[in-house]
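Inspection log for the structure reproduced underneath, given as structure tokens.
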Amino acid sequence: MFYEGLDSLRNILKEKPKEFDEKVRDPTRVVKCYGGDFISPLSLNAIKDAIQAKDMDIVCSELFEIIKLIDAVITEKCPESSSFNFPKTNGLGFVDSLLEKMMDVTSSEAGSIALIDHPIQKVQEELVCLRSLLRKIVGLQNEDEEVQSIWNRIVGVAYRIEFLIDSLITGNIIDSSSMSIHSILEEMNIIKAAALKICDSERLGGKVKEVTKRFDHMPQEGSKPIVNDVVVGFEDETASIINGLRHGSCQVKIVSVVGMPGQGKTTLARKVYNSSSVTSYFHKRAWCTVSQVYHKRNLLFEILTCIESKLPEDVFKMGEEDLALEVKRHLLKNRYLIVLDDVWDIDAWNGLEASFPDARNGSRVILTSRLRGVAPQDKLDHEPYSLRQLTPNETWDLLKLKLYPGQDLAPPELREIRQVVMEMCQGLPLTVVILAGILSRMDRYGWKEAVEGLSSRNVSSTEQCTATLELSYKHLPDTLKACFLYFGAFPEDREHNTKRLISLWVAEGFVQKTHPKRSEDVGNDYLMELISRSLVIVSKPRSIDGVKACRIHDLLYEFCVTKAKEEKLLQQVRRYDDLSAFTVPCYPRRLCIIDSKLEHFDNLRLFSPAIRSLLLFSHNEDSISFDLRFIFHIIKLVRVLDLSQTGLDPFPREVELLVHCATWRF
């Protein structure tokens, strides 16, 4: 009886941990305290063993009352879900990854032993059939409600299959009729019959032709990104800023550029920074992205790596004070230009100012921000440059340059929507760029309908940009949606090494294999396609060909974080978040923790049944100063584990506890 009560409580804690009112949530904490070591989401056998080690005379009566209370409330507030709360994105990619996993576990000796009494082969055969049906309707799930329902049912049963296999491998006993192989096979047959009926219908064939005509779903073979940002307008501002950098006071002065998100502050600063008259005038130049959450040590490193190509090993072991002195030493007696991009408060400048020596040789600092008051008035060489909106003609010129670079004459289909575009974009460059990315992947005969649908919204320019971005996301092929949203798994304003990013995409199962190409090459094609759609920015091109590093705009980052949570693809947790108070989906699949603290890991037991990816990030050397070895006992089913940004040393041998980790980084 006691064991059954704990089993019930365990399921409640896993599936609906935050649906209780405070009256119920407090007893839940009591139970967790009493049974914390044995309410394990991984093994019911461990519960049985642990119960025998407890003094049950002390806790039994109180625990029974608590379990009754919780059970009564949960019946009313948390009706049993008929299926998993699975991610809405990357359905086909997940099924592909699951089939590969099933081949591994059924062919390997260890897998055969674990699954010897279970007809997994039959499930695998049926899933191969359902996968072929997914192929037929890919891209149509948002076009037809019936198709969407079939898509969700196929992907949903695939996630149940994965959960079942993992449970069998780990020795977990599942007392649920809906999770038996027999019930899964039965449901797969029902889904297959419904899917075949839809796929054979003439109605579906017509929709396939319609969608194919409107959108080009496949990444362009050999497409190359436009590395240089296109800048239209701001000629007077550019000339004035460059003049202020080269002339005027001999003291260190700040040039401040302010404007709303998406208005082109960073693009303008980059244009000035790379201007030949600027590069020839300053001896040392450095670009540093600050953002809302920053750490002085990281900013100093960023500056130091810009002004000095080869740094001695001991520099990487320096603390903040020594690094600040090292930056100052390298800048001393040099005329330098430092760009501090995306500054949110004056503290960032105050923390770095001591590293910028004033040799009275005309050194300068460019500061970009959404706010006017972040630069000290006594350091300004000029009133802050407040960026204006683009004029209607500048909006038109930017759209033409993005769609038809080097051509003066636009096609009639583009000229037809000129007025609507100018009114819709409201002079915000980012909206123009995102819109160009949408139109570039559409049949030109569908432009008018798409633009008029957006222009009907009476909203601010930032909201209009978000609406345009939503449309751009909707028109992405399913293969690219997960890759794009994955940018929301990282800290803001992060510059991504493309090789590392693509390897994570591959490990996550986002990249579909295309014979004879390697997965990494296909992933690179995906990245090029996102760049060509103006969703990803090239920050460092390779010397010969390709992209070394990339980033995304702040507004796009915010969209990715929000949309990834909405689509149940991943959940981001920041240092100041309380993981135990999250109103997250029942089974978060990917958890990304930024600036981790011990409480985050202690509460992982609530979410561990479904976590398959765990990414940890530390902005400073003190973020993870505690022993993390215990988490490997909690997250045994993780497939992707990235601890490379945490500074953990030495290598934790407990990683061997993971059942089937596809990739890990330290």
- [ ] Enter the distance from C483:SG to W505:CH2 here, rounded to the nearest 0.5 Å.
- [x] 4.5 Å
- [ ] From the options E495, R551, K548, select the one residue that forms a side chain to side chain donor-acceptor pair (under 3.5 Å) with S539.
- [x] E495
Open item on the list: Between E529 and F484, is there a side-chain heavy-atom distance shorter than 4.5 Å?
Closed with: no
Task: salt bridge (charged side-chain N to carboxylate O under 4.0 Å, His left out) contacts touching residues 149-159 (sequence neighbours left out) - done: none
Open item on the list: Could you check whether any side-chain heavy atom of T498 comes within less than 4.5 Å of a side-chain heavy atom of N524, counting everything from C-beta outward?
Closed with: no
Open item on the list: With a 4.5 Å cut-off on side-chain heavy atoms, are V547 and M528 touching?
Closed with: yes
TODO: Could you walk me through whether L469 and L555 pass the side-chain contact (heavy atoms from CB on, under 4.5 Å) test, one step at a time?
DONE: CA-CA 9 Å; L469 183 53; L555 280 182; 5.6 Å; no
Open item on the list: Could you go through L614 and I593, starting from their C-alpha distance and side-chain angles, then the distance that decides it, and tell me whether this counts as side-chain contact (heavy atoms from CB on, under 4.5 Å)?
Closed with: CA-CA 8 Å; L614 181 62; I593 304 180; 4.3 Å; yes
Open item on the list: I'd like to know whether N90 forms a side-chain contact (heavy atoms from CB on, under 4.5 Å) with E508, so could you lay out the CA-CA distance, the side-chain angles of the two residues, the decisive distance to 0.1 Å, and finally the verdict.
Closed with: CA-CA 10 Å; N90 192 46; E508 293 282 7; over 6 Å; no
Task: Note: E162-R639 ion pair, threshold 4.0 Å (strictly below) - done: no
TODO: Taking the side chain as every heavy atom from C-beta outward, state whether H496 and V536 have any pair of such atoms under 4.5 Å apart.
DONE: no
TODO: Look up atom CD in E520 and atom CG in L527, then write down how far apart they are to the nearest 0.5 Å.
DONE: 13.5 Å
Open item on the list: Please determine whether a side-chain nitrogen of the Lys or Arg among K474 and E470 lies less than 4.0 Å from a carboxylate oxygen of the Asp or Glu.
Closed with: no
Open item on the list: Do I434 and L556 have side chains that approach each other closer than 4.5 Å (heavy atoms only, starting at C-beta)?
Closed with: yes
Open item on the list: Is the shortest side-chain heavy-atom distance between M188 and L130 below 4.5 Å?
Closed with: yes
Open item on the list: We want to know whether N152 and Q148 form a side-chain donor-acceptor pair, criterion being a heavy-atom distance below 3.5 angstrom.
Closed with: yes
Task: Value rounded to 0.5 Å, distance of CD1 in I184 from CZ in R160 - done: 5.0 Å
Task: Heavy-atom closest contact (I552 atom, L535 atom, distance) - done: CG2-O, 3.5 Å
Open item on the list: Ignoring hydrogens, what is the shortest heavy-atom contact between A436 and L403? Give both atom names and the distance.
Closed with: O-CD2, 3.4 Å
- [ ] Compare every heavy atom of R589 with every heavy atom of P87, then report the nearest pair and how far apart it is.
- [x] CG-CD, 4.0 Å
Task: Nearest heavy atoms of W447 and M442, plus distance in Å - done: NE1-O, 3.7 Å
Open item on the list: Working to the nearest 0.5 angstrom, can you tell me the gap between I120 CD1 and M102 CE?
Closed with: 5.5 Å
- [ ] Quick one: list whatever passes ring pair (Phe, Tyr, Trp, His ring centres under 6.0 Å) with Y473, sequence neighbours left out.
- [x] F559
Open item on the list: Ignoring hydrogens, what is the shortest heavy-atom contact between S97 and G509? Give both atom names and the distance.
Closed with: OG-CA, 3.3 Å
Task: Spacing of Q572 atom CD and L615 atom CG [to the nearest 0.5 Å] - done: 10.5 Å
TODO: First locate atom CG of L616, then atom CG of L641, and finally report the distance between them rounded to the nearest 0.5 Å.
DONE: 6.5 Å
TODO: Identify the two heavy atoms, one from V95 and one from A158, that lie closest to each other, and give their separation to 0.1 Å.
DONE: CG2-CB, 4.0 Å
Task: Full working for side-chain contact (heavy atoms from CB on, under 4.5 Å) between K101 and D166 - done: CA-CA 10 Å; K101 174 181 175 179; D166 286 343; 2.5 Å; yes
- [ ] Would you check if there is a donor-acceptor pair between the side chains of E567 and T89 at a distance under 3.5 Å?
- [x] yes
TODO: Test F94 against every option in F510, Y159, F86, W151 by the ring-ring contact (aromatic ring centres under 6.0 Å, His included) rule and name the one that passes.
DONE: Y159
TODO: Under the salt bridge (charged side-chain N to carboxylate O under 4.0 Å, His left out) rule, collect the residues that match up with R131, sequence neighbours excluded.
DONE: D96
Task: Pairwise side-chain contact, V433 with H553, heavy-atom cut-off 4.5 Å (strictly under) - done: no
TODO: Answer yes or no: is there a side-chain heavy-atom contact under 4.5 Å between L570 and L485?
DONE: no
